[in-house]
Every structure is written in structure tokens, then in C-alpha cells.
Amino acid sequence: MKTHVKALVVGGGAVGTSIAYHLARAGWDDVMLLERDELTSGSTWHAAGLLPLFNMSFATTHIHQYSVEFYKTLEAETGLNAGFSIVGNLRMAQTKARMDEYMLYATTAETCGVPYEWMTPAQMKDRWPLLRTDDLEGAIFHPTDGYINPADVTMAMAKGARQRGVVIERKWQVDAYEWTGSEWRVTLTKMVEKGGNLVASDEQQVITAEHVVTATGNHAQRTANLLGIKIPAIPVEHQFIVTEPDPALVEYRKNGGAEHPVLRDADAKWYVREERGGWILGPYERGAPARFQYGVPDSFRADLFPLDLERIEEEYMSMIHRLPTSETVGLKDDFNGPICYTPDGNPLVGPAPGLRNMWLAEGFSFGITAAGGTGYYLAQMMVEGEAEIDMASLDPKRYGSWMTTDYAVAKNEEAYEHVFILHHPDEEREAARPLRTSPAYDRQAARGAQFGQVNGWERPNYYAPAGFDDHAARSFRRGGWWQYAVDEAKAIREGVGLIDATAFTKHVVKGPGATAFLDWFTCNKLPKVGRINLTYALTAAGTTRTEYTIVRRGEDDYYLVSAGAWTAYDGDFLRKAAEDKAGEFGYIEIQDVTTQYGVFAIAGPKTREVLNAVIRDADPATALSNKRFPWLSARRIELGMCPVDAIRVAYTGELGWELHHPIEMQNYLFDLLMRAGEAHGLKLVGARAQNWLRQEKSYRAFGTELGRDATPQEADLPRFIDLGKEFHGKEAMLEKGIRSTCCTLLIDGPQDADPWGREALYLNGEKVGRLTSGGYSVAFGKSIGMGYLPPELAVEGTKVEVKMLNQLWPAMVTCDSPYDPKNETIRKDG
Ligand SMILES: Cc1cc2nc3c(=O)[nH]c(=O)nc-3n(C[C@H](O)[C@H](O)[C@H](O)COP(=O)(O)OP(=O)(O)OC[C@H]3O[C@@H](n4cnc5c(N)ncnc54)[C@H](O)[C@@H]3O)c2cc1C
């Protein structure tokens, strides 16, 4: 056995095998794939093999789309037939809301080049007469996907990998990882058969590897323990049943009837496909329990759990309703296996938190569908430094150190149960909440806050009268909450509003090396002491890794504020970069102070009047004047008895301050501001109104306009890039040029809907770009969005069209910051 490799992939399921294949295809010629048992002996062997393209996420849709196309090429490359039946995939809708969901999905699919067709109930009945369609609204049909044999596709990828030089070792289990400072020392144990069990022998082996990828499926908890990290990948039971042949189906096929596509009755929570004249029913039922949260027992090999028919009775009955001929058909087989989940249902793909050259590919619930694309994009990240799509939404560090086993269990069970719910874009999931609350949570709740969850934090989305039901208010169009968000947005434009921004990520960077480090780490000029700037840390590929507001508190003392959703993601990058550069720049101290400071953002033309009433200063009337507290500066002030690090910025684009305060004094400050604000109509404002307001100012948001697929130049932020200095990623950014450009659009859309930021943009019938954000503008009285267009189109006055609700609606590119383009209100003196 080889004892040193460039890359060691652990886990020979569909995912690990694809990663090994793609690393070799990307040019790494020294790759080993390790499997403790046989290839495909994990979850892969019992998967139903469906390859659904449907996905609301841009990154995941790309991954699934790649897989479907890639699997079609495998036979030509390897000579092995992966058993790909391209029967298409029919998603039926029982309700108008479900059709709305499909229309939103369809426009996202268009941004990724995924083909689809609409079908009426009559068209379905005509094509597949066994289907009951009289109670359906319609369906979306994907002609290019279908199902595959999971073991065969894995074996084909394994053969392709071997042909490209990958060494595959079976019956070796990884039992220890040790980072030497330059490579991983991986200890393996030879596994042997004993009485039908797989047991560890005394034989051990050490392999060193520059890079390790773990793709250990249901064994993710053991992997987490070996690595000393938390991984929220915990399996849930998933069953499917296989019926005896259905005589009506057999007859239909005998008479030349086309094979049924994979059927999905989303409102009934199941998929069905043909299997040797019978049917496979796969329900996503309520009550499926999480398993193996502390590891897979040694006794569980390629095993299954007992069938729980009672749990899936409702779905079973609804299959009979939809396919009436299945009523008299008996059951032939059943599978109840562990299917790995994560709290949001997306896999964990990317660098492991805190570790070097350790890559995770864990938590796959659609692992057969995702394996091909995951291999392709992860190999790009490892070999080239970045993938061509932004993989942040799959990054393992989207959960922080607050994540526990109980949390993962509750959320993973919920993610499973939610597979077929209506995926409202304004959905907030209920499990494991409230968990992380700022002190003012109860006060906000008492005032009608309807909370959303970001990175575990409860954050008000909007405020509504007592008894309001957020769940019933959700919609693909303007939800029942829409008017409240309009009123809140208007309060900030016309009066004064208070937003809880406590979830912001906050890091202190200080020490003798801090200034040189941050100057290299970020692309804008560093601010002077007492001032702030907006800046970007780039990836090695020149794209945007993180957006920071940097406050310079002292010569070598900085306070960095970044997006609340990304604390661990930002912290990991910052710490690793600082470690790398400490030798060159000197000692750099990094502290994550996120949970030490609360943040209230107060904004609106009447902001000064509210703050002047509570500020303690020798001359309170001038304390917040432009002279003493200019725009883009930071100062310690005292509001009543609360020391506040105030920053004069407002993400809403109105006169305002961010009030960073000791978290333990938050309730005191909240009460003080609410009392002082009463006379001025101070309104509590949630994240939804804020999101609309920032689009009126063309403020890019991290995770939508800003990410690892576009450079800050493409995000059209030249004023925040200092090309006169050297910074990380600069050369790569310049080399990339401008492939597409971020712009803001005003949209004459439907009367009852706004874009969500996933819609395709068209010009003369041709797709030319996509929206990344969307919403409603109170300043312009119409829909607004931000997105990317080819540079020649991203200029003020260009007319394009937005695809919403299956129609094209006129949109026009506006100037940057269409509301108050000269920043007069934000800079107003007083
Ligand atoms: C009933 C059922 C139906 C499903 N149907 C579908 C479907 O239709 N479509 C779809 O896309 N997905 C489906 N899935 C999900 C799919 O099975 C999984 O997402 C997929 O198999 C995950 O692949 P993987 O490679 O990540 O994990 P696995 O296939 O579990 O592979 C992990 C491998 O790692 C090995 N390993 C673990 N630890 C170590 C170690 N320390 N050293 C060496 N080797 C190690 C294991 O032995 C195992 O072989 C289904 C799942 C179930 C339960």
C-alpha cells in the first residue's frame, strides 16, 4: 500500500468516489480512495436512485444539473452502464400555491439552464392514463432527469477514477488523524470479516496526505470525533416500499405505453416510480426519527431498520388515490435506511472549521443526485483554490460553535419532514427555537415581533399586531406581512425606526501586526483612527470572500463587523489568514466578540431628535452634529447610563447610527430609546423592511450580490477598492476582468408580487442575467431588485424583463443608489 499521497478521500460511497474521480480529472495524479468495507456499502446501496433537478438554491441546482449531465457520459468513458433511465420527472400540484412554488422554481431553473415544461391535468392524463388528475392544478415536468442505479453509477465512477490513476483501497478504516503542520498523518486499521460482521484487526498502517477529504456518510459523527470538531450531519430514517407488479401497469406498458416519469405529488409528500411492473413509493412522512447521533454501532453494516408502515399510511393511501390501480397490489419489498441530513437539508462541502487541508463532504440527503456535481466543484476548490460557483451555502462553517447534537437532531428531523412542504421564500422553520436570543427578545416579542432565525439567532423580520399568524401569512406573492414591512420602511424614510442588528458578526483584530495584516487582507484603504470604511476580503481567486465594516479604534486596534449569518465562516478565514501572516507582519490577535455586543441600528430623519434626548454630553445639542460626529466615523458616546460605541452608518441609507453596546445593558438601552422615541413616533423595524431599503441604496448584501462567484469589481464597487496598494487576491481579481456587472433594477411587476432575488432576466427573449435580491421599494412605489447583467447591459436606462409567475415583466436598470444618489439625507447635519 502507498504510504504518501497528495489527496486521501475517505469513504467509498457515491460522494467519495465522485470526489476521487474528479480530483484525478482535475489533474491530481496521486489520489487514494479508502473504504472501510466495500464500495457502496453505506447509504449508497439502498438509495432509490432518483436524480431530481428541482432545487430552490442556485448552487445546488448547478450541482444536480452537473451530475445529471455527467452520469450520461460515464458509459462512453468507462464502458460501464450506470442504468440511467431518463424518464423525466413530473411534479404535480394540487393547489395554486404549489403552482406558484413551481413558477418561482422555474425562473431559478432558467438561471441555471435547467429545462422544464408545464403540463395541464388533461395533458398528464393523456400521456399517463393511469394517473388520476382531476384534482390537480397542473405540473412541472423535467424531461432530462430520471433515475439511475446508485451502485452502478458509483462503480462506473470508481472505474473512471482507476483509469485516471486513483488507487482504491477497501477494508481499511481510518481511525486517527493528526496534522503535523504540513500534512495529515492518517492511521488506518485493516477490517476483516468475522461471522458476517466487519471487525477491526490488529493490522495498522499510517499514510501521510497533503489533503484529506472525508465523505463518510452515516459515520460523520465518528469522523467529527476523530477530527475534534462538530459536524451536524446526522441520519434520519427514510423508507421506501416496492409493490408487486400492478396488472394495469403491466398491461399499459405491454401496449406500448411510455414508462412513467418519476412522479412527485409534493402535496401528498411522496415520490413514485416504476419498478419491474410495480411501483416504488418513497414518502417523506412526519415523525421519522434521527438515528446514530453518537455514531453508527459496530453491529450496523449494510443493514436496514424494520419497516414502519403505520408512519407512512397517509402517504400510502394518497398514492392509491393518485394511482387507483395500485390499490389491490401487494407489497413486495421495503427499505428503511439511514439517510444523512443537516439542519437546513443542504450537505456540508468545503474546508473543515479550524483545520488545514481538511475538506468535508458530509450530510448528503440527495447524495446520488449531488455526488457528480459535488466531486466536480469540490475538486475545483481544492485544485484551483475556488469553484466557479459560490459554494458558501454549502460551507461546513455555516453553523457555529453554538451548534449541538440536540440541535442537529431536531433540525435534521425537521429538514426531512420539510422535503415536500411548500418552500415559501418567506418561510421560517420552527424546530429548535428560540435558541439564541438577544436580551431584548422578550420586549420585542411583546411588541409583536415575528422572528426569523439567522445563524441560530432570533431576529425580528417584522412587527405585527397581537395574534398575527406568521405561518398563515407566508406566500410566494406578497405575504400577509407585506403591509407591515411597507409601514416599517416608510417609518425609516420619513420618521425614525429601530432595528435589532445584534446578530452581526464582530471581530476585534489588534496587535503589532494588525495594521499591515488588514491592509493586505482587505482591498480598501484602511480608515484613520476614529473612522470607518467598507471593505472586502478576497479569495485567492479574486472574488469576494467577506464584506467588512472596519472601525479603527486605535493605531493597531480594529473592530470588524460582518454579516450575522457567517460568524464561523468569517472567523475561520480571518484566523487562518492571520496565522499565515503573523511571521511576516508580527503578532496579530483575533477575538470573536459577537456575543459581547448588542447592536441597535437607529435610522430616519428624526434620529438625532431621539438620540439628543438621551445622550449625556457637555453639549448634547452638538454631540451628533456633522462637525463632532461626521458620517463614516465612530465614537464612544453615553446614552443615559449605557456606554455605546456608535458608528455613523446606516444600512438603510438614511441618517442613522449603529449603537454597539454591552450586551448585558441591552434592555436598559432598549427601554431608554423606546421612551425617548415615543415623542417622535419611533417604530420598531424588522429585517424585511431593511432588506428592501438597502436595495433602494444599491447596498450589496453578502450571500446574494457578494460571494465567491464575483469579484468586487464585478459587484461594481470600485470606490471601495484601492488599486494603488497590494492586497490578497488583487492580481486574480484583475485577471478575471468584468464578466458580468451588478446593478439595481426597478421593476413594473405584477400587482400582488415582488421578486425574491432568484429570477431570470431577459432581453429580446434571450436570458441575459439573473436577480440576486428582490423586494418592494417604498420610495418608488414598485418592485425593486439587484442582480447581474453583462457589463454592456448593466448601465442606467437599459430595459430588460424579469421572469416572475411565468411571465415577463418590464424592468429598467437604474443608477447606483436610486434613492438619494448623492447621499444627502445620510449626511444631513443637525
Ligand atoms: C431509503 C433511501 C432512499 C434514498 N434514495 C435516494 C435517491 O433516490 N436519490 C438520491 O440522490 N439519494 C437517495 N438517498 C440518499 C443517498 O443514499 C445518500 O445521500 C448517499 O448514498 C450518500 O452517499 P455518501 O457517499 O455520502 O455516503 P455513503 O454511501 O454512506 O458512503 C460513505 C462511506 O464511507 C465509509 N466510511 C465511513 N467512515 C469511514 C472510515 N473511517 N474509514 C473508511 N471508510 C469509511 C462507509 O463505509 C461508507 O461506504 C436515499 C437514502 C435512503 C436511506
Side-chain angles (χ1 to χ4, degrees), residues 13-15 18-19 43 47 50-67 105 108-109 112 114 213-218 220 224 230-236 238 284 290 339-353 359-378 381 387 389-400 403 407-421 423-425 427-429 431-432 452-456 563 565-569 702-704 707-709 757-758:
V15 174
S18 169
I19 294 167
S43 263
L50 313 183
L51 302 175
L53 281 169
F54 182 93
N55 202 285
M56 287 290 190
S57 134
F58 188 69
T60 311
T61 302
H62 272 287
I63 287 172
H64 289 189
Q65 167 80 337
Y66 175 89
S67 299
Y105 164 66
T108 308
C112 304
V114 172
V213 186
T214 77
T216 54
N218 300 319
K230 289 290 283 187
I231 302 178
I234 293 175
V236 176
H238 176 48
Y284 279 84
I339 185 165
C340 220
Y341 263 84
T342 64
D344 62 8
N346 274 335
L348 303 151
V349 183
W359 305 83
L360 304 185
E362 304 286 0
F364 285 83
S365 55
F366 285 93
I368 310 305
T369 321
T374 299
Y376 176 67
Y377 292 114
L378 183 61
M381 284 169 80
I389 57 168
D390 185 355
M391 297 283 283
S393 58
L394 308 182
D395 195 278
K397 296 175 295 297
R398 62 189 189 274
Y399 302 97
M403 194 277 299
Y407 174 85
V409 165
K411 293 304 271 186
N412 293 10
E413 288 177 350
E414 178 188 58
Y416 174 86
E417 189 184 318
H418 277 49
V419 164
F420 278 125
I421 61 141
H423 294 283
H424 285 121
E427 178 198 10
E428 292 291 344
R429 298 191 175 183
Q453 204 185 32
V454 53
N455 198 10
W566 302 94
T567 307
Y569 179 81
F702 188 74
T704 55
R708 277 150 50 191
D709 51 356
R758 303 167 180 177

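These figures come from a predicted structure and were not determined experimentally. Here, residue 1 is the first one in the sequence, and each next residue gets the next number. Below, all heavy atoms of this structure are taken into account, side chains as well, without hydrogens, waters or symmetry copies.
- Nearest heavy atom pair, residue Gly375 against residue Ser18, reads CA-OG, 3.5 Å.
- Every residue two or more places apart in sequence or in another chain that forms a side chain to side chain contact (heavy atoms under 4.5 Å, CB included) with Asp390 is listed here: Ala392, Arg708, Asp709.
- No donor-acceptor pair closer than 3.5 Å links the side chain of Gln453 to the backbone N or O of Glu428.
- With hydrogens and angles disregarded, a donor-acceptor distance shorter than 3.5 Å links the side chain of Glu413 to the backbone of Ala290.
- Relative orientation of the Phe54 and Tyr105 rings is tilted, given thresholds of 30° and 60° on the angle between their planes.
- Heavy atoms only, all atoms of each residue included: Ala431 and Lys411 are closest at O-NZ, 3.1 Å.
- When all heavy atoms of Ala352 and Leu360 are compared, the closest pair comes out as CB-CG, 3.8 Å.
- Minimum interatomic distance between Gly367 and Ala14 (heavy atoms only, all atoms of both residues): O-CB, 4.2 Å.
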>> The test is side-chain contact (heavy atoms from CB on, under 4.5 Å); show your working for Met381 and Leu378 and say whether it passes.
In response: CA-CA 5 Å; Met381 284 169 80; Leu378 183 61; 4.2 Å; yes

>> Does Ser43 form a side-chain contact (heavy atoms from CB on, under 4.5 Å) with Asn218? I'd like the steps, not just the answer.
In response: CA-CA 7 Å; Ser43 263; Asn218 300 319; 3.1 Å; yes

> Is there a side-chain contact (heavy atoms from CB on, under 4.5 Å) between Phe364 and Thr369 once you walk through the steps?
Replying inline: CA-CA 9 Å; Phe364 285 83; Thr369 321; over 6 Å; no

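- Between Tyr377 and His62, the angle of the ring planes goes over 60°, which puts this pair in the perpendicular group of the 30/60° scheme.
- The shortest side-chain heavy-atom distance between Pro232 and Met403 falls under the 4.5 Å cut-off.
- Side-chain contact between Arg429 and Asp344 is absent, with no heavy-atom pair separated by less than 4.5 Å.
- Centroid-to-centroid, the aromatic rings of Tyr284 and His238 come within less than 6.0 Å.
- Partners of Tyr341 according to the ring pair (Phe, Tyr, Trp, His ring centres under 6.0 Å) rule, which considers only residues two or more places apart in sequence or in another chain, are Tyr416.
- In terms of heavy-atom proximity, Leu53 sits nearest to Thr61 at O-CG2, 4.4 Å.
- We find the CZ-CG distance between Arg398 and Asn346 to be 5.5 Å, quoted to the nearest 0.5 Å.
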> Could you go step by step and tell me if Val114 and His64 meet the side-chain contact (heavy atoms from CB on, under 4.5 Å) rule?
Replying inline: CA-CA 10 Å; Val114 172; His64 289 189; over 6 Å; no

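- Legend: residues meeting side chain to side chain contact (heavy atoms under 4.5 Å, CB included) with Thr567, ordered by chain and number and at least two apart, are Asn455, Thr505, Asp592, Thr594.
- Atom-to-atom distance recorded for Leu51:CG and Phe366:CZ is 11.0 Å, nearest 0.5 angstrom.
- With a 4.5 Å cut-off on side-chain heavy atoms, Pro351 and Asp395 count as touching.
- Contact detail for Thr342 and Pro347: the closest heavy-atom pair is CG2-CA, 4.4 Å.
- Using a distance-only test at 3.5 Å, with no hydrogens or angles considered, no donor-acceptor pair links the side chain of Asn412 to the main chain of Cys340.
- Results of the side chain to side chain contact (heavy atoms under 4.5 Å, CB included) test with Leu394 over Thr374, Thr60, Leu348 single out Thr60 as the only residue that passes.
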